[in-house]
Amino acid sequence: MEIFADLKWRGAINQLTDEDGLQSLLNEKQVGMYAGIDPTADSMHIGHLIPFMVLKRFQLAGHKPVIVIGGGTGSIGDPSGRNSERVLQTMEQVMHNEAALTAQMVHLFGTENFRVVNNRDWLGKISLLDFLRIYGKLFSVNTMLAKDVVASRLETGISFTEFTYQILQSVDFLELFKQEDVQLQVGGADQWGNITAGIDLIHRMEGNDAKAYGLTIPLMLKSDGTKFGKTAGGAVWLDAEKTSPYEFYQFWFNQEDADVIKYLKYFTFLSKEEIDALEVATQENPRAREAQRKLAQEVTRFVHSQAAVEEAERISAALFSGDVQDLTATEIAQGFANMPSFALTSEVKNVVDFIVDAGVDASKRQAREDVTNGAIRINGTQVTDVEAIVDPSAMYDGKFVIVRRGKKKYFLGRVQD
RNA sequence: GGGGGAAUAGCGAAGUGGCUAAACGCGACGGACUGUAACUCCGUUCCUUCGGGUUCGUAGGUUCGAAUCCUACUUCCCCCA
């Protein structure tokens with residue numbers, strides 16, 4: 001499918017500045033395009049992936065994405081989508097984040113037909129007087145105040161620093177237009193104001209016939225209206241240290257039927273035919289969760305690797321069947337990375353005491369009840385006798401004890417001595 | 001500043017001297033069912049060495065016996081100024 005039609009079908013387009021103009025540009029040449037990310041953390045989370053998925057599709061279609069790491073803008077703070085002033089980060093933190101994000105980008109985009117640049121390289125060189133004389137004159141405060149992002153903050157307050165953010169982002173677009181032949185900026189729906197400000201600046205500096213376009217992506221929401229990409233544990237990170245590949249896989253696997261097709265379209269590179277087939281499969285046999293499985297596999301492979309997919313599936317199979325005996329110590333460490341864990345000694349204990357000391361249950365009364373009800377499994381083996389004894393050195397090289405309460409609540413004991 | 005009312009378990013809310021470790025609803029947890037779902041159903045829901053122990057804003061008091069009566073204090077709400 002032609003890239004533009006494909007994006008529309010995938011529901012990836014919210015607003016466009018000039019559909020016909022962009023369409024014909026895309027037809028005639030390899031177009032440079034960019035999206036930015038401010039180094040506010042040392043990893044992307046899946047929310048960040050939203051504009052980058054679109055860039056990746058353009059890349060696969062032969063165009064050239066550029067990622068701007070906002071070393072300059074990130075030291076200022078984007079007011080978009082926020083109702084309070086950002087706390088500035090230390091420069092060391094910003095630099096550390098930049099390096100980590102760059103590595104993630106290269107992992108997703110490769111090095112062919114792709115660039116990562118840092119806007120500190122140009123923003124950092126502009127003197128205050130140049131800023132005011134060259135750029136400031138071209139921005140009307142009246143227009144800036146009218147942007148939604150700013151207007152919504154006038155009640156609660158916005159600093160001059162954040163107010164100028166849209167000028168900096170506009171300068172980015174202009175610089176990229178000149179240096180990297182970037183003609184399209186892609187961003188989330190809340191970036192519309194910043195993007196159009198950039199196009200206006202390009203027109204003023206480079207002439208009205210300069211071809212610069214903007215594309216925003218719809219706000220991603222779940223079918224129940226809540227925010228996409230959050231779990232009880234917080235954001236879903238791309239960094240395997242923050243969100244293990246197993247948890248990452250599980251996040252996608254657990255999507256609702258009502259959302260899964262939307263996400264397949266958006267977050268995978270499967271063809272329309274494949275996705276249509278999965279849609280039918282979901283309707284006819286929802287219990288198989290074929291679409292969710294495919295979604296989890298595809299996204300986990302894209303963000304991590306095929307090996308990560310296989311490992312995640314092995315851990316999933318073990319955890320959900322309860323057969324945890326066969327897991328290796330490494331797999332346990334991954335599968336339990338963000339599950340509750342507790343420290344223990346290799347001392348042999350009574351189950352009830354063990355459970356309470358582990359924090360699995362709050363009181364002995366509760367612990368006895370759970371044991372009696374058959375709700376407790378130690379290392380995959382059900383324990384129903386309150387007098388049973390737990391020996392931490394029994395399995396997994398004496399390093400771990402896996403406690404399961406109920407069907408799928410796991411707790412990992414790490415033997416300390 | 002004056003007057004009135006209320007504080008009960010995670011939350012809401014009954015309970016006005018013994019039958020109350022405290023109804024009921026929600027939530028939470030466990031189980032059955034299921035698709036690692038929703039719904040529904042069943043059970044549990046202060047601690048315990050299972051003998052018992054400690055609870056109804058806090059501290060005292062009355063009583064054989066107090067969540068229930070009295071006093072003081074704290075907090076919250078309402079009305080009047």
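Numbers restart at 1 for each chain; the letters A, B, ... are given by sequence-line order, proteins then strands. Just so we're clear, the structure is a prediction, and the values are computed from it rather than from any experiment.
Judged by Watson-Crick or G-U wobble contacts below 3.5 Å, the nucleotide B:rG1 has B:rC80 as its partner. Pairing of B:rC41, defined by two Watson-Crick or G-U wobble distances under 3.5 Å, is identified with B:rG31. When both distances must be under 3.5 Å, the Watson-Crick or G-U wobble mate of B:rA6 is B:rU75. B:rU68: no Watson-Crick or G-U partner with both key distances under 3.5 Å is found in any strand. As the counterpart of B:rG12, B:rC24 is assigned, both hydrogen-bonding distances of the Watson-Crick or G-U wobble pattern falling under 3.5 Å.
Between A:F302 and A:F267, a ring centre-to-centre spacing not shorter than 6.0 Å is recorded. Here A:F336 and A:F400 keep their ring centres 6.0 angstrom or further from each other.
Residue A:N254 has its side chain nearest to B:rU36 when only B:rU36, B:rU49, B:rU48 are considered. Considering only side-chain atoms of A:E369, the nucleotide from B:rU44, B:rC47, B:rC33 that sits closest is B:rU44. Distances from the side chain of A:K407 to the nucleotides B:rU36, B:rC47, B:rU34 place B:rU34 closest. Comparing B:rC47, B:rA37, B:rG30 by their nearest atom to the side chain of A:A375 picks out B:rG30. Closest to the side chain of A:K364, out of B:rU49, B:rU45, B:rG30, is B:rU49.
Between A:I315 atom CD1 and B:rU36 atom C1' the separation is 15 Å, expressed in whole Å. At whole-Å resolution of the value, CZ in A:R365 and C1' in B:rC46 are 9 Å apart. Atom CD in A:Q255 sits roughly 16 Å away from atom P in B:rU36 (whole-Å rounding).
Not a single donor-acceptor contact under 3.5 angstrom links the side-chain atoms of A:Q366 to the base of B:rU45.
Look at A:S363 and you'll find a side-chain N or O under 4.0 angstrom from OP1 or OP2 of B:rU48. Phosphate proximity of B:rC29 to A:R405: absent, as no side-chain N or O sits under 4.0 Å from OP1 or OP2.
Rounded to a whole angstrom, the distance from the C1' atom of B:rG53 to that of B:rG57 is 22 Å.
Under the 3.5 Å distance criterion, with hydrogens and angles disregarded, no donor-acceptor pair is assigned to the side chains of A:Y249 and A:N254.
Side chains of A:R404 and A:I376 form no contact here, defined as non-hydrogen atoms less than 4.5 Å apart.
Among the protein residues, A:Q250 comes within range of the nucleic acid bases, having at least one heavy atom under 4.0 Å from a base atom.
Of the residues in residues 283-294 of chain A, those lying under 4.0 Å from RNA chain B by heavy-atom distance are A:P286, A:R287, A:R289, A:Q292.
Taking 4.0 Å as the cut-off between side-chain N and carboxylate O, A:K64 and A:D181 do not count as a salt-bridged pair.
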